[in-house]
Amino acid sequence: MAVIIELLNNQGKSIGIHKFTQNAIRIGRSYDNDVILLDPHSCAEHAMLSCDEQGQWQLRDLDSANGTLSSSGQRIQQTAIPHSGQEFILGKQRLRVFFAAASVAPTRILAKGWHSLQLLSSVPLLILLLLLVSAYFSYEMWLGAIGEAAENWHRQLLSIPFILLALLLWPALLALWARLRSQESNFRPQVTLILLITASWLLWSELSRWLSFNFSQAVLVEVLQLTLPAVLLVVLFWNGFKLAGMQRKSLQLVLTTALASTYWLVPYMQAAGPQLMPQYQAELLSQPMLISTPKNPEMFLTDSASLFDKATQSAKQP
Amino acid sequence: MFYRRFFISMACCFGLAAFQVQADNAQQVFSQYQDALLQVQVVEKQTQHKTSIGSGFYIAPELVITNYHVVASRVATPDSYQLMAKFGDDGLQPLEILALDVVNDLALLKAPARVGHFFALADALPEQGAEVFSLGNPHDLGMVVVPGTYNGMKQQSFYPRLHVTGSINPGMSGGPSVNELGQVVGVNVSTGGNQLGFVVPMAQVKALVNTQPAEVPAVELLKTQIGQQLLANQQQMLEPLLNANWQMKALGRGLVPESIAPYITCWARTNPPRVEQEIRASAAFCGLSEDVFISHQFTTGKIQMQFEWFDGSALAMTKFVHHYANKLKQMRPDNRASVRDVGEYSCLSDIVGDKQVAARTIYCVRAYKDYPELFDVLFLAGTVPAEQQGFVSHFSLAGVSQQNADAFTRKFMETVKWQ
């Protein structure tokens with residue numbers, strides 16, 4: 001009967017599998033062994049696995065210096081292995097013994113939409129996004145520099161790599177998490193994903209300013225401003241977890257919702273008490289950007305009548 | 001050299017002589033009226049400790065005059081505070097509020113009956129340059145008399161105030177200022193720093209005494225009266241502004257007021273150019289800086305206008321617009337208020353004007369909780385820039401009616417504009 005020896009690392013993850021059909025298998029550090037160990041705490045001839053006439057496998061320690069231990073930590077001289085999957089420690093090397101009849105874990109089904117995420121592995125897309133996001137940050141820095149700062153604004157460009165590095169923290173975290181669970185890390189697609197979302201976010205912020213400038217009173221604009229960034233966050237977190245190989249849909253849904261809802265929760269938490277400062281729309285762009293017709297002053301004053309009712313209502317609240 | 005010393009010595013002699021006469025008068029005034037002075041204490045009910053002090057004086061056996069701001073805590077939170085009178089080293093005796101004049105910062109109190117001298121109210125204002133004596137209890141150090149000089153009515157003031165050169169210090173609020181005959185010419189109210197004292201004139205005190213009710217009114221009724229006084233005051237303050245023909249002048253390409261009313265003063269400033277890549281700004285301000293004290297957290301009655309002209313010709317258009325737009329994002333109310341006094345601001349914001357000159361226009365309103373029909377309003381307009389130039393105009397009114405707020409906004413929008 002064939003026997004399988006699986007070598008494990010300290011975390012219990014498999015680092016090598018050997019299958020044998022002979023009746024005696026020698027384990028140790030020397031090169032004439034059947035299973036060659038790398039662990040310096042194991043002996044040259046450390047242990048022997050053999051099958052007796054009844055077909056019963058036995059593990060025997062060959063008087064090794066650090067001994068052979070059972071999974072519960074007891075030192076053993078010789079022991080029978082009745083069950084498949086029993087673990088032993090030779091020196092510091094962990095190993096597990098299986099018989100060929102042992103069953104394997106069921107096949108994992110690839111997540112739906114997996115192939116569409118393959119686009120995120122594209123290197124040209126990654127480079128394009130990196131350039132786009134860096135260009136936007138540079139523009140912001142140039143825009144912000146005025147007076148004496150305007151002469152040396154390019155010195156601030158040095159901070160862009162650090163901003164980008166900070167952006168990579170989330171993909172790194174997800175990749176590490178996937179790695180620990182023996183999943184594919186998908187670091188590059190994760191990076192592309194967060195850059196794609198960042199670029200969309202920045203694009204939307206520009207568009208949103210233009211919309212606010214032109215359509216101050218439009219409810220649709222307000223709804224979009226409230227929902228679109230949250231949708232972008234949902235896309236980021238949902239696909240991030242998918243790339244990290246999260247299997248449970250319910251967990252993926254809960255985590256995505258929780259993380260994306262911070263977009264509303266943070267302002268909600270900050271606005272705990274009544275506000276003494278006025279909150280108003282103050283977006284202003286240059287005249288060529290104005291496509292809507294300015295309001296007649298008379299109409300503006302007519303509209304303002306409702307303010308006094310609203311203010312009176314607000315003052316009535318305790 | 002010799003002559004100079006001689007004159008200084010002579011001047012000193014005359015000065016000493018004058019001081020001697022002054023001291024005699026002061027002594028006389030003080031000894032005669034000491035009994036009619038008292039310290040007004042606001043006492044916290046739970047701990048029975050005083051939280052603030054002021055002065056007061058008897059004008060009749062049971063009537064005491066002091067400042068409204070001395071007793072304001074009692075009106076704002078009647079459940080937490082009570083008013084007490086302290087005479088010399090004697091114990092405390094309760095005081096009650098009979099009537100208030102919040103605009104002129106006066107209070108008429110019902111006090112324990114007292115016999116002896118009372119302060120008489122003068123019939124006329126003193127001559128300019130005449131000697132006056134301010135009495136009170138500065139910093140809780142005991143009753144003092146401070147000699148000073150009457151320097152006429154405070155100029156450019158909306159509220160009538162006597163200007164007295166003499167040390168009026170905290171704690172003397174509510175005490176009387178008297179002439180040489182010991183007659184009250186006014187009530188100490190505030191100080192403008194070094195030897196600059198302000199006193200509420202007698203006429204306002206007499207008007208308050210005339211409103212004296214038969215019995216002590218409830219605090220709610222006092223609040224209603226305060227509301228009515230504030231409403232009447234804002235009407236008096238704004239009506240001349242709304243009817244006046246505003247004198248305008250140019251600020252960059254903006255048109256801003258130069259003179260509106262005697263009590264609205266205007267200033268201007270400009271920042272000198274330092275470097276090439278910057279926005280040059282010139283600003284003008286107009287306003288009434290005096291306010292009406294309602295409580296320690298709440299003042300009202302301010303009028304402020306601010307105009308700014310921005311020129312960023314050396315900057316790229318996008319850069320100019322970015323920084324210019326940021327100027328609009330920080331607008332603050334000019335008066336002090338807490339969440340207990342006012343509701344939240346409601347704001348309206350839109351692009352107003354025509355295709356040639358449009359402006360981001362913002363109008364914000366908040367209502368007073370205890371005084372219905374009164375509002376704080378803020379207005380802000382920033383022109384939509386076609387070139388690297390912009391004009392921002394702003395005003396804030398504290399404690400005005402809806403009708404006056406609208407009328408003022410209309411007048412402001414019509415007169416303050418881009419030319």
Side-chain angles (χ1 to χ4, degrees), chain A residues 139-140 142-153 206 209 212-218 271 273-318, chain B residues 274-279 312 315-325 328-329 331-333 337-339 342-355 357-369 372 375 377-378 380 382 384-386 390 402 405-406 409-410 413-414:
Chain A
Y139 171 69
E140 283 276 287
W142 171 79
L143 209 56
I146 196 169
E148 277 128 3
E151 285 163 23
N152 293 315
W153 76 273
E206 289 299 308
R209 279 171 54 189
S212 303
F213 173 57
N214 276 293
F215 311 103
S216 310
Q217 309 286 322
Q275 284 280 333
L276 278 176
M277 283 295 148
Q279 311 288 317
Y280 53 88
Q281 168 66 264
E283 228 42 89
L284 196 54
L285 298 174
S286 63
Q287 210 174 46
M289 296 287 195
L290 186 65
I291 58 151
S292 62
T293 316
K295 195 171 253 177
N296 182 307
E298 211 47 53
M299 272 171 68
F300 180 78
L301 284 169
T302 313
D303 285 356
S304 72
S306 65
L307 287 181
F308 290 87
D309 297 333
K310 270 195 253 172
T312 308
Q313 283 307 317
S314 160
K316 278 183 184 151
Q317 276 156 23
Chain B
R274 289 172 301 130
V275 287
E276 186 72 6
Q277 291 259 308
E278 68 175 3
I279 296 180
L315 299 178
M317 188 63 190
T318 46
K319 206 167 183 169
F320 172 78
V321 171
H322 175 81
H323 290 275
Y324 170 65
L328 287 189
K329 287 181 181 158
M331 180 164 61
R332 290 163 187 285
S338 76
V339 290
V342 290
E344 286 193 338
Y345 271 109
S346 299
C347 292
L348 178 69
S349 174
D350 217 326
I351 304 290
V352 178
D354 48 45
K355 265 287 179 193
V357 187
R360 161 66 68 188
T361 307
I362 297 149
Y363 191 26
C364 295
V365 176
R366 72 178 172 195
Y368 286 10
K369 286 189 168 171
F375 301 89
V377 298
L378 295 173
L380 183 69
V384 176
Q402 175 175 359
D406 278 345
T409 309
R410 186 180 298 272
M413 284 173 86
E414 280 167 5

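To find a chain, count down the sequence lines: A is the first, B the second, and so on, and within it residues start at 1. This structure is a prediction, so every number in the text was calculated from the model and none was measured.
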Counting only heavy atoms closer than 4.5 Å, note whether [X] contacts chain B via side chain, backbone, both or neither.
{"X": "A:E148", "value": "both"}
{"X": "A:F215", "value": "neither"}
{"X": "A:D303", "value": "both"}
{"X": "A:S292", "value": "backbone"}
{"X": "A:L301", "value": "side chain"}
{"X": "A:Q279", "value": "backbone"}

Spatial distance of atom [atom1] ([X]) from atom [atom2] ([Y]) [nearest 0.5 Å]:
{"X": "A:Y139", "Y": "B:K319", "atom1": "OH", "atom2": "NZ", "result": "10.0 Å"}
{"X": "B:R366", "Y": "A:Q275", "atom1": "CZ", "atom2": "CD", "result": "11.5 Å"}
{"X": "A:L143", "Y": "B:T318", "atom1": "CG", "atom2": "OG1", "result": "5.5 Å"}
{"X": "A:F300", "Y": "B:S349", "atom1": "CZ", "atom2": "OG", "result": "7.0 Å"}
{"X": "A:Q217", "Y": "B:I351", "atom1": "CD", "atom2": "CD1", "result": "10.5 Å"}

> Quick one: does A:F308's side chain get under 4.5 Å of B:D406's, heavy atoms only?
Replying inline: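 Contact flag for A:F308/B:D406 side chains = yes.
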> Can you check whether B:V384 reaches A:M289 side chain to side chain, under 4.5 Å on heavy atoms?
Replying inline: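 Side chain of B:V384 against side chain of A:M289, heavy atoms only: no contact under 4.5 Å found.
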Could you look at [X] and say if it's the side chain, the backbone, both or neither that has a heavy atom under 4.5 Å from chain A?
{"X": "B:L328", "result": "both"}
{"X": "B:F320", "result": "neither"}
{"X": "B:V342", "result": "side chain"}
{"X": "B:Y363", "result": "both"}
{"X": "B:L380", "result": "side chain"}
{"X": "B:T361", "result": "both"}
{"X": "B:D354", "result": "backbone"}

Can you name the closest pair of heavy atoms from [X] and [Y] and give their distance?
{"X": "A:S216", "Y": "B:R360", "answer": "OG-NH1, 2.9 Å"}
{"X": "B:P333", "Y": "A:L276", "answer": "CG-O, 4.4 Å"}
{"X": "B:P385", "Y": "A:L284", "answer": "CD-CG, 4.4 Å"}

Quick check for you: among [options], which has the greatest number of heavy-atom pairs under 4.5 Å with chain B?
{"options": "A:S304, A:A282, A:P278", "answer": "A:P278"}
{"options": "A:A315, A:A150, A:G144, A:S306", "answer": "A:A315"}
{"options": "A:E151, A:M277, A:E298, A:Q281", "answer": "A:Q281"}
{"options": "A:N214, A:T293, A:L285", "answer": "A:L285"}

>> Has A:S314 got a side-chain atom pairing as donor or acceptor with B:E344's backbone, closer than 3.5 angstrom?
In response: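 Looks like yes, one N/O pair under 3.5 Å.
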>> Using only atom types and a distance under 3.5 Å, with no angle test, would you say the side chain of A:K316 pairs donor to acceptor with the backbone of B:G343?
In response: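 Not at all, since once roles are kept as given, no pair shorter than 3.5 Å links the two residues.
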> With chain A, which of B:A359, B:G353, B:C364 has the greatest number of heavy-atom pairs at distances under 4.5 Å?
Replying inline: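 The answer is B:G353.
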